[in-house]
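So the structure is just underneath, and the comments pick up after that.
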Amino acid sequence: MCVAVPLRLIQMDETRTIGKVDVGGGNLITINLMLLDHPKIGDYVLTHAGMAIEVMDESAAKETLELFHEMGFFNPIINGG
């Protein structure tokens with residue numbers, strides 16, 4: 001099963017093609033931003049397989065994250081595994 005996850009964009013390189021998102025607890029992972037038009041720091045981006053595939057509305061992203069949290073989905077990511 002494949003799951004796309006909304007994550008908050010924290011950093012970008014000067015070309016806006018590579019960024020870092022917060023997966024929780026201060027853990028940052030690098031993602032590719034090439035599919036997005038004009039991403040901004042602070043955007044919630046729907047992320048799948050290391051690619052940001054769309055910018056999400058903040059309230060929808062937070063609602064989705066809360067559902068993932070309730071299911072315990074983020075525990076393996078936060079704990080590195």
Side-chain angles (χ1 to χ4, degrees):
M1 180 173 92
C2 298
V3 177
V5 179
L7 297 169
R8 191 170 202 156
L9 185 60
I10 303 298
Q11 298 175 5
M12 285 189 294
D13 70 355
E14 64 279 352
T15 65
R16 296 179 179 257
T17 58
I18 302 294
K20 292 191 182 242
V21 290
D22 186 359
V23 296
N27 295 315
L28 303 181
I29 60 171
T30 301
I31 61 167
N32 188 307
L33 302 170
M34 293 182 73
L35 297 177
L36 303 180
D37 289 329
H38 307 95
K40 299 182 300 276
I41 300 296
D43 281 347
Y44 279 88
V45 294
L46 191 59
T47 306
H48 176 69
M51 298 284 300
I53 55 178
E54 78 177 57
V55 175
M56 289 187 74
D57 172 74
E58 184 173 344
S59 64
K62 287 181 176 179
E63 183 177 332
T64 302
L65 288 170
E66 183 62 30
L67 290 171
F68 285 154
H69 181 73
E70 287 175 13
M71 294 186 297
F73 184 77
F74 281 112
N75 293 338
I77 295 172
I78 292 170
N79 295 326

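As a basis for the values below, the full set of heavy atoms in this structure was taken, side chains included, without hydrogen atoms, waters or symmetry mates. Along the sequence shown, residues carry numbers from 1. A quick note: this is a predicted structure, and the numbers were derived from the prediction, not measured.
Note on Met71 and Val23: same hydrophobic cluster, where clusters join Ile, Leu, Val, Met, Phe, Trp and Tyr whose side-chain heavy atoms are under 4.5 Å apart, directly or indirectly. Leu35 and Met56 fall within a single hydrophobic cluster, where Ile, Leu, Val, Met, Phe, Trp and Tyr side chains are chained together by heavy-atom contacts under 4.5 Å. Transitive grouping of hydrophobic side chains (ILVMFWY, heavy atoms separated by less than 4.5 Å) brings Ile41 and Leu36 into a common cluster. Note: the hydrophobic cluster containing Ile29 also contains Val45 (ILVMFWY, side chain heavy atoms under 4.5 Å, direct or indirect links).
Side-chain atoms of Arg16 come within 3.5 Å of backbone atoms of Pro39 as a donor-acceptor pair (strictly under, hydrogens ignored).
Between Thr64 and Tyr44, the closest side-chain pair of non-hydrogen atoms is not below 4.5 Å. Residues Lys40 and Leu9 fail the side-chain proximity criterion, which asks for heavy atoms closer than 4.5 Å.
For the pair Val3 and His48, the tightest heavy-atom approach, listed with the atom from each and the gap, is O-ND1, 3.4 Å. For the pair Asn27 and Asp22, the tightest heavy-atom approach, listed with the atom from each and the gap, is O-OD1, 3.3 Å. When all heavy atoms of Pro6 and Leu46 are compared, the closest pair comes out as N-CD1, 3.8 Å. Nearest heavy-atom pair, Met51 versus Asn32, reported as atom, atom and distance to 0.1 Å: SD-CB, 3.4 Å. Nearest heavy-atom pair, Ala52 versus Leu33, reported as atom, atom and distance to 0.1 Å: CB-CD2, 3.8 Å.
Taken to the nearest 0.5 Å, the CD atom of Glu54 stands 10.0 Å off from the OG1 atom of Thr47. The CG atom of Asp43 lies 12.5 Å from the CG atom of Leu7; values are rounded to the nearest 0.5 Å.
The residue from Val21, Ile18, Asp13 that alone fulfils the side chain to side chain contact (heavy atoms under 4.5 Å, CB included) condition with Thr30 is Ile18.
The residues Glu58 and Lys62 are annotated as salt-bridged, a charged nitrogen and a carboxylate oxygen being separated by less than 4.0 angstrom.
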